[in-house]
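First listed ligand is number 1; within each ligand, the first listed atom is number 1.
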Amino acid sequence: MKVHIQTADLFSVQAELFVVGVYQHDTTVRIEHISQDYQRLLDDAVARGEFEGRLLQTLSALPAPLSPSRRILFIGLGPENAMTVHSVRKVFGQLAQITEKMKIQTVAMAVPKGPFSEEDAVTAATEGWLLGSWQFAGYHQEPKEQNLPDLHISDVTRPDSAQKALDYGNIVASAQNLTRDLGYRPSNMLYPELFAEEAIRAGNRHGFSVEVFDENKLRELGMGALLGVGQGSIYPPRLVIMRYEAHADKTLALVGKGITFDSGGISLKPPQGMEEMKYDMLGAGAVLGAMCAIADTKPHVNVIGLMALAQNMPSGSAYKPGDVVRAFNGKTIEVTNTDAEGRVALSDAVSYAAHLHADWIVETSTLTGAVLVILGHEATGMVADDDNLADQVIRSGEAAGERIWRLPTYEEYKDLYKSKVADIKNSPGRDAGTITAGMIIREFAGGIPFVHLDIAGTAWTKEGPLNKVDGATGVMVRTFVDLAHNIS
Ligand code: BES
Ligand code: ZN
Ligand code: MN
């Protein structure tokens with residue numbers, strides 16, 4: 001599963017399988033020392049319409065008679081002018097999955113060229129390789145064995161900076177895989193206390209400090225909203241505060257929704273697919289993963305990671321429709337639907353980020369089913385009040401290959417969440433559901449530049465080049481790490 005870089009050209013690498021990238025519309029092989037037999041084989045396949053170089057399309061070539069030991073796989077890169085660093089990530093993710101099935105130990109491919117640096121290509125290739133091959137271990141009595149081949153990236157021209165780029169990709173992808181792992185864990189094995197312990201362990205491993213507020217501390221601080229969401233569960237809520245200290249003058253706060261299980265509470269969800277609600281903590285998971293990679297790669301900005309952890313359950317002690325809770329900043333929320341719990345839990349975490357004098361607050365959550373109606377699984381929905389911060393986050397998303405789509409925040413939407421008995425009501429109804437949800441959370445940011453990212457459609461998704469099976473993606477980890485390095 002390891003990735004190595006080599007300055008040698010492709011066929012000088014000791015490998016069982018050589019992979020050759022081919023552009024669509026111009027399928028000339030651009031690799032030195034390749035036997036003409038292979039070009040002929042490729043041309044033949046193109047002529048027969050068997051292969052055209054579409055992104056991620058593959059063509060396997062058996063050893064040619066003149067070069068018996070060279071097993072070659074052609075992989076489509078798509079049209080040359082559409083090549084991006086994210087296509088590199090996907091190509092290597094796909095490759096990791098294909099070669100695992102081929103029962104091969106070592107794979108070699110030249111560093112892809114395009115409108116990006118060699119370093120960015122190596123980072124993306126490494127990330128693709130580690131993400132594409134990752135799978136949740138599961139709880140089977142007989143653990144499944146995985147055969148994960150090593151990758152050699154050949155033809156590297158600047159080995160020192162390429163090695164740094166490889167290390168960076170390793171750090172980020174491993175952190176993202178940690179997030180995915182947390183996402184897969186069922187709620188009986190990852191409830192708020194255990195999640196907080198995971199954060200403490202991660203802090204020890206990666207070198208960031210971790211503070212945990214238990215239910216008594218939450219009560220003392222007046223965090224009635226997070227307490228309200230968690231009060232129906234035998235597992236009490238937690239607020240986790242993680243700090244990466246760069247001794248910089250600016251501080252970025254990352255805030256995540258960590259509902260370890262969302263049954264809907266008294267406003268109970270229908271049973272169909274309810275088991276997926278163990279993933280309702282992936283906002284917090286992304287914040288934890290990002291903190292690990294941030295502490296390892298050391299950007300010049302202080303970063304505070306906050307996780308609002310609770311389990312949303314119906315019970316005799318659960319919060320009920322009509323209840324009014326008071327958040328840390330003093331604002332009151334009328335709970336008209338206990339299933340709109342994310343915004344309630346986050347109100348305390350976001351007001352605490354403002355209390356800590358963050359310069360920017362970026363919050364992420366699996367918040368609304370409505371975002372799936374708008375964007376499906378293809379993009380994260382954004383609600384923001386600061387154009388600069390919004391643009392920075394979108395740019396980081398682009399660099400990371402994670403699509404983010406900004407929604408409007410017209411003043412008129414505020415009328416939708418007015419309450420007769422409290423400052424805000426938590427469930428304004430169907431209209432503009434993703435927008436009102438983000439705007440409600442913004443009410444707790446104390447006027448600090450704020451971005452909300454709704455990952456309900458992107459945090460878990462179908463299988464793909466970076467997702468061996470359908471499930472947790474670890475979305476926003478790469479975006480957050482890039483953001484920490486580029487925010488100013
Ligand atoms: N965790 C859910 C949102 C969700 C739904 C995530 C589907 C992933 C897939 C959230 O807590 C929720 O229940 N939201 C409600 C809000 C409504 C009651 C205002 C929703 O979207 O239906
Ligand atoms: Zn939820
Ligand atoms: Mn809910």
Chemist: More than 12 foreign heavy atoms under 6.0 Å from CZ of R403: is that the case here?
Modeler: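 No, the 6.0 Å shell around CZ holds no more than 12 heavy atoms from other groups.
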
Chemist: Where do V91 and G76 come nearest, in terms of heavy atoms and distance?
Modeler: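 Where V91 meets G76 most closely, the heavy atoms are CG2-O, 4.0 Å.
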
Chemist: Using 30° and 60° as the class boundaries, would you call the ring planes of W134 and Y184 parallel, tilted or perpendicular?
Modeler: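 Judged by the thresholds at 30° and 60°, the geometry between W134 and Y184 is tilted.
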
Chemist: Check D423 against T332 and note the closest heavy-atom contact, atom names and distance.
Modeler: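 Nearest heavy atoms, D423 then T332: OD2-N, 2.8 Å.
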
Chemist: Can you list the atoms of ligand 1 that are under 4.0 Å from a heavy atom of T366?
Modeler: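 Selected atoms, number and element: 1 (N), 2 (C), 3 (C), 6 (C).
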
Chemist: Right, does atom 21 (O) of ligand 1 have protein non-hydrogen atoms nearer than 4.0 Å?
Modeler: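 Under 4.0 Å from atom 21 (O) of ligand 1, at least one protein heavy atom found.
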
Chemist: Using heavy atoms and a threshold below 4.0 Å, how should the contact between N337 and ligand 1 be classified: side chain, backbone, both, or neither?
Modeler: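 Within the 4.0 Å criterion, N337 contacts ligand 1 through side-chain atoms alone.
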
Chemist: Can you say whether the rings of W129 and F92 are parallel (under 30°), tilted (30 to 60°) or perpendicular (over 60°)?
Modeler: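 Because their plane-to-plane angle is over 60°, the rings of W129 and F92 count as perpendicular.
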
Chemist: Check whether the ring centres of F208 and Y244 lie less than 6.0 Å apart, and answer yes or no.
Modeler: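 No, the ring centres sit 6.0 Å or more apart.
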
Chemist: Of all N/O/S atoms in E341, which lies nearest to the Zn ion (ligand 2)?
Modeler: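 So the atom name we want here is OE2.
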
Chemist: Answer with yes or no whether S427 contacts ligand 1, where contact means a heavy atom under 4.0 Å from a ligand atom.
Modeler: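 The answer is yes, since S427 has a heavy atom less than 4.0 Å from ligand 1.
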
Chemist: Rounding to 10°, state the angle centred on the Zn ion (ligand 2) that links OD2 in D262 with NZ in K257.
Modeler: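 Between OD2 of D262 and NZ of K257, the angle at the Zn ion (ligand 2) is about 170°.
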
Chemist: Below 4.0 Å, non-hydrogen atoms only: which portion of I259 touches ligand 1? Side chain, backbone, both or neither.
Modeler: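 None of I259 does.
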
Chemist: May I ask whether W460 places a heavy atom under 4.0 Å from ligand 1?
Modeler: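 Contact present.
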
Chemist: Where do L282 and A459 come nearest, in terms of heavy atoms and distance?
Modeler: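 In terms of heavy atoms, the two residues are closest at CD1-O, 3.7 Å.
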
Chemist: Give the name of the N/O/S atom in D280 that lies closest to the Zn ion (ligand 2).
Modeler: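 The nearest such atom is OD2.
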
Chemist: Tell me the protein heavy atom at minimum distance from atom 6 (C) of ligand 1, and give that distance in Å.
Modeler: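 Its nearest protein heavy-atom neighbour is A456 CB, 3.6 Å.
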
Chemist: Taking 2.8 Å as the cut-off, does an N/O/S atom of E341 lie below it from the Mn ion (ligand 3)?
Modeler: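 Checking the Mn ion (ligand 3) against E341, an N, O or S atom does fall under 2.8 Å.
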
Chemist: Describe, in one word, how the ring planes of F450 and H452 are oriented to each other, choosing from parallel (under 30°), tilted (30 to 60°) and perpendicular (over 60°).
Modeler: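 Parallel: the ring planes of F450 and H452 meet at under 30°.
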
Chemist: Hey, which atoms in ligand 1 end up nearer than 4.0 Å to a heavy atom of M277?
Modeler: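 Within the 4.0 Å cut-off of M277, ligand 1 contributes 1 (N), 4 (C), 5 (C), 6 (C), 7 (C), 8 (C), 9 (C).
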
Chemist: Can M281 be said to touch ligand 1, with heavy atoms closer than 4.0 Å?
Modeler: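 Flag not set, M281 not near ligand 1.
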
Chemist: Below 4.0 Å from any atom of ligand 1, is there a heavy atom belonging to K257?
Modeler: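 Per 4.0 Å heavy-atom rule, K257 contacts ligand 1.
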
Chemist: If we only consider heavy atoms of E276, is any one of them less than 4.0 Å away from an atom in ligand 1?
Modeler: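 No, E276 has no heavy atom closer than 4.0 Å to ligand 1.
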
Chemist: How about CE on M189, more than 12 heavy atoms from neighbouring residues, nucleotides or ligands closer than 6.0 Å, or not?
Modeler: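 Buried by this count: over 12 neighbours within 6.0 Å.
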
Chemist: Quick one: nearest non-hydrogen protein atom to atom 2 (C) of ligand 1, plus distance?
Modeler: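 It is D262 OD2, 3.5 Å.
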
Chemist: Closer than 4.0 Å to some heavy atom of K269 - which atoms of ligand 1 meet that?
Modeler: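 Those atoms are 12 (C), 13 (O).
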
Chemist: Write out the residue and atom name of the closest protein heavy atom to atom 10 (C) of ligand 1, then the distance separating them to 0.1 Å.
Modeler: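 Looking at atom 10 (C) of ligand 1, the protein heavy atom closest to it is L367 O, 3.2 Å.
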
Chemist: Show the atoms of ligand 1 that are less than 4.0 angstrom away from any heavy atom in R343.
Modeler: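 So the answer, numbered in order with elements, is 16 (C), 19 (C).
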
Chemist: Check the surroundings of atom OH in Y139: do more than 12 heavy atoms from other residues, nucleotides or ligands lie under 6.0 Å from it?
Modeler: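 Atom OH in Y139 is packed in, count exceeds 12.
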
Chemist: Would Y168 and H485 count as a close aromatic pair, with their ring centres under 6.0 Å?
Modeler: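 Yes, close enough.
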
Chemist: Angle at the Mn ion (ligand 3): provide the value between O of D339 and OD2 of D262, rounding to 10 degrees.
Modeler: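 Answer comes to 170°, rounded to 10°.
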
Chemist: Nearest 0.5 Å, please: how far is CG in D323 from CD in Q231?
Modeler: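 It is 7.0 Å, given to the nearest 0.5 Å.
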
Chemist: Of all the atoms in ligand 1, which lie at a distance below 4.0 Å from a heavy atom belonging to E341?
Modeler: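 With E341 as reference, the close atoms of ligand 1 come out as 11 (O).
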
Chemist: Got the closest protein heavy atom to atom 12 (C) of ligand 1, with its distance?
Modeler: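 Atom 12 (C) of ligand 1 sits closest to the protein heavy atom D339 O, 3.3 Å.
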
Chemist: Taking all non-hydrogen atoms of both residues, which atom of V324 and which atom of A422 are closest, and how far apart?
Modeler: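 Minimum heavy-atom contact is CG1-CB, 4.1 Å.
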
